[in-house]
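I have placed the structure first, in the form of C-alpha cells, so that the comments after it can refer back to it.
Worth saying up front: this structure is predicted, and the values here are computed from it rather than measured. Every number for a ligand or one of its atoms is a count from 1 in the order of the listing.
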Amino acid sequence: MVIHVDQLSKSFDYYKKETGIRNSVKNLFHREKLTKDAVNKVSFDINEGEMVAFLGPNGAGKTTTLKMLSGILYPTGGSAEVLGYTPWERKNDFKKQFSIVMGQKNQLWLDLPASDSLYLNKCIYEIGDQKYKETLDELVTLMDVKHLLHVQVRRLSLGERMKMELIAALLHRPRIIFLDEPTIGLDLVSQKNIREFLKAYNHEFRTTLLLTSHYMKDIEDLCKRTIVINQGKLVYDGEIRKINEVMNEKKRMKLTFSAIVERKDLAVMGSIKEYSGYDVILEVERAKFKEYSRMAMDHFPVIDLNLEDIPLEEAIARLYEQPEPRG
Ligand SMILES: Nc1ncnc2c1ncn2[C@@H]1O[C@H](COP(=O)(O)OP(=O)(O)OP(=O)(O)O)[C@@H](O)[C@H]1O
C-alpha cells in the first residue's frame, strides 16, 4: 500500500463578511467566525500502481485532500501516510518521490524556455547528468515535444504547455503523481494525448496516479477505481463500472416503433426521458424490466428494443446527492 488515509479532516476558519459601509464598520469591531469542513473524516487506501479517480462536485474537498497528501496543507484531524511518510512533515526524501500537477497552475516559468525550468528541476531534485539526459530524452520523445524545448513557454499552446508541465513533474521519476484537472481547458485531441501518455506511463513504470477531473472521458479511460467525495465526505469507493450496480434501481429502455405511440400509454412503465413518437427512452425499475419489455412487445408496434445502463455521468451526479456512503 502506498497511500493510507485514516479519518483525514480539514476545516477552514473564515469570517462572515457583510456588504455595505455600515456593515463594514461593524465588522471592524465584531466579526462572526465561521468554520468550513472542507474534508470530513475521509479514509481510503491506495496500492502501488493503481490509477484512481477522485471525483466530486465543485467544492467537495478534492483539491484540499490532494494538498494534504502532498504536504502543502496540514490537516485538522486524522492521519495519512504516503510512501510511509507523513506528508506534512515535508521530509526531503518524501518530496523526491511524488509530484503534484495542477492543471490550473504553472510550475514552469512562462518567460523562459521549458528547457531552463526543467534544468532547474534537475538541480532541485539532484538528478545526475546522465540520468537527466536519458529521462528528458525519453519523455520529450514520448510526448513528441523535443522540438519545443527551447521555445519560450508563454508561446506554447495550452496542450504543449501541459505536456511540458508533466515532463517537469516526471523528471525525478516520482512513485506517486497527484493530478488535479490535468486536461482542463484542453481540446479533445490534446486531452486524448495526455490520457494516452498517462496510461502508457503508468503501464511502463507502475507509477501510482490519483487524478481529479471533471471530464468523464478521463475517468473512464484511465481509472478502474473511483473515490467520490461530496461535501467533504466519502460517498463511494469502488469500481467505476459498478457505480451503476450500486445505484442499481433503474435501467434505461430504448424503444423504436413503426407507428406513433402516445406518451400517456408509455408513462405507465416508467419516466420518459426522451420522446419523439417513434423513438422513446424510458427509465424503468430494474426489477420490472422483463415484465415491461413483454408488455411493450405485446401492446406496441415495437421494431427495436434495447436495455442500457444509466449514463455514468448521471449515475455519478446522483451519487453526489447521496448523503451516506455507498459501495
Ligand atoms: N483557504 C481556504 N479558506 C477557506 N475555505 C476554503 C479554503 N480552501 C478551500 N476552501 C473551501 O473548502 C471547500 C473544498 O474546496 P476544494 O478546493 O478542496 O474543492 P474541490 O473539490 O477541489 O472543488 P473544485 O472541483 O471546484 O476544484 C470549498 O467549499 C472551498 O470554498
Side-chain angles (χ1 to χ4, degrees), residues 3 5-19 27 31-44 46 51-80 82 87-88 90 98-107 158 162 165 169 176-186 191 194-195 209-220 222-223 225-238 240 243 312-327:
I3 300 179
V5 175
D6 188 20
Q7 302 273 307
L8 194 63
S9 304
K10 175 77 191 177
S11 315
F12 291 105
D13 287 336
Y14 63 102
Y15 293 95
K16 190 171 171 186
K17 179 125 181 31
E18 287 163 288
T19 50
N27 278 341
R31 296 190 298 169
E32 191 184 342
K33 193 165 148 184
L34 302 168
T35 302
K36 167 85 197 173
D37 293 323
V39 177
N40 195 345
K41 296 188 177 162
V42 165
S43 303
F44 57 83
I46 294 179
M51 289 213 258
V52 181
F54 204 40
L55 301 184
N58 288 131
K62 304 178 293 289
T63 306
T64 306
T65 307
L66 292 191
K67 283 183 176 170
M68 287 192 280
L69 294 183
S70 51
I72 299 170
L73 280 177
Y74 282 82
T76 38
S79 63
V82 180
W88 42 92
R90 299 179 192 164
F98 80 92
S99 260
I100 180 160
V101 179
M102 296 190 159
Q104 318 241 41
K105 297 221 167 79
N106 303 311
Q107 71 150 299
L158 212 54
M162 182 42 78
E165 288 283 345
I176 299 182
I177 315 172
F178 301 111
L179 293 154
D180 199 3
E181 301 276 358
T183 57
I184 197 156
L186 302 189
Q191 284 179 23
I194 298 284
R195 278 200 298 272
L209 250 118
L210 187 54
L211 164 117
T212 81
S213 178
H214 286 288
Y215 297 118
M216 214 39 66
K217 196 85 186 76
D218 285 354
I219 309 299
E220 283 181 282
L222 290 175
C223 309
R225 174 179 167 199
T226 182
I227 293 172
V228 183
I229 57 168
N230 192 12
Q231 293 177 23
K233 289 193 178 156
L234 192 144
V235 289
Y236 181 85
D237 181 355
I240 292 181
I243 287 185
L312 189 60
E313 231 155 28
E314 274 186 44
I316 289 173
R318 285 178 201 189
L319 257 183
Y320 291 175
E321 290 154 18
Q322 295 286 317
E324 294 305 323
R326 306 280 290 254

Checklist line | Counterpart residues, side-chain contact (heavy atoms from CB on, under 4.5 Å), relative to D180 (two or more places apart) | finding: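 Counting only residues at least two positions away or on another chain, D180 forms a side-chain contact (heavy atoms from CB on, under 4.5 Å) with T63, L66, M102, T212.
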
Next item on the list: Run the numbers on V82 and F98 for side-chain contact (heavy atoms from CB on, under 4.5 Å), then give the verdict.
Entry: CA-CA 9 Å; V82 180; F98 80 92; 5.6 Å; no

Checklist line | Interatomic distance, L210 atom CG to I176 atom CD1 [nearest 0.5 angstrom] | finding: 8.5 Å

Check: How many angstroms lie between CZ in R225 and CG in D237, if you round to the nearest 0.5 Å?
Finding: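 Spacing of CZ (R225) from CG (D237) equals 4.0 Å.
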
Next item on the list: Could you tell me whether the side chain of I229 reaches within less than 4.5 Å of the side chain of N40, counting heavy atoms only?
Entry: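 No, their side chains stay 4.5 Å or more apart.
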
Check: Do I100 and I72 come within less than 4.5 Å of each other through their side chains, counting heavy atoms only?
Finding: yes

Next item on the list: Run through ligand 1 for me and note each protein residue having a heavy atom under 4.0 Å from it, chain first, then residue number.
Entry: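 Its neighbours under 4.0 Å (heavy atoms only) are F12, K36, A38, P57, N58, G59, A60, G61, K62, T63, T64, H214, given by chain and number.
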
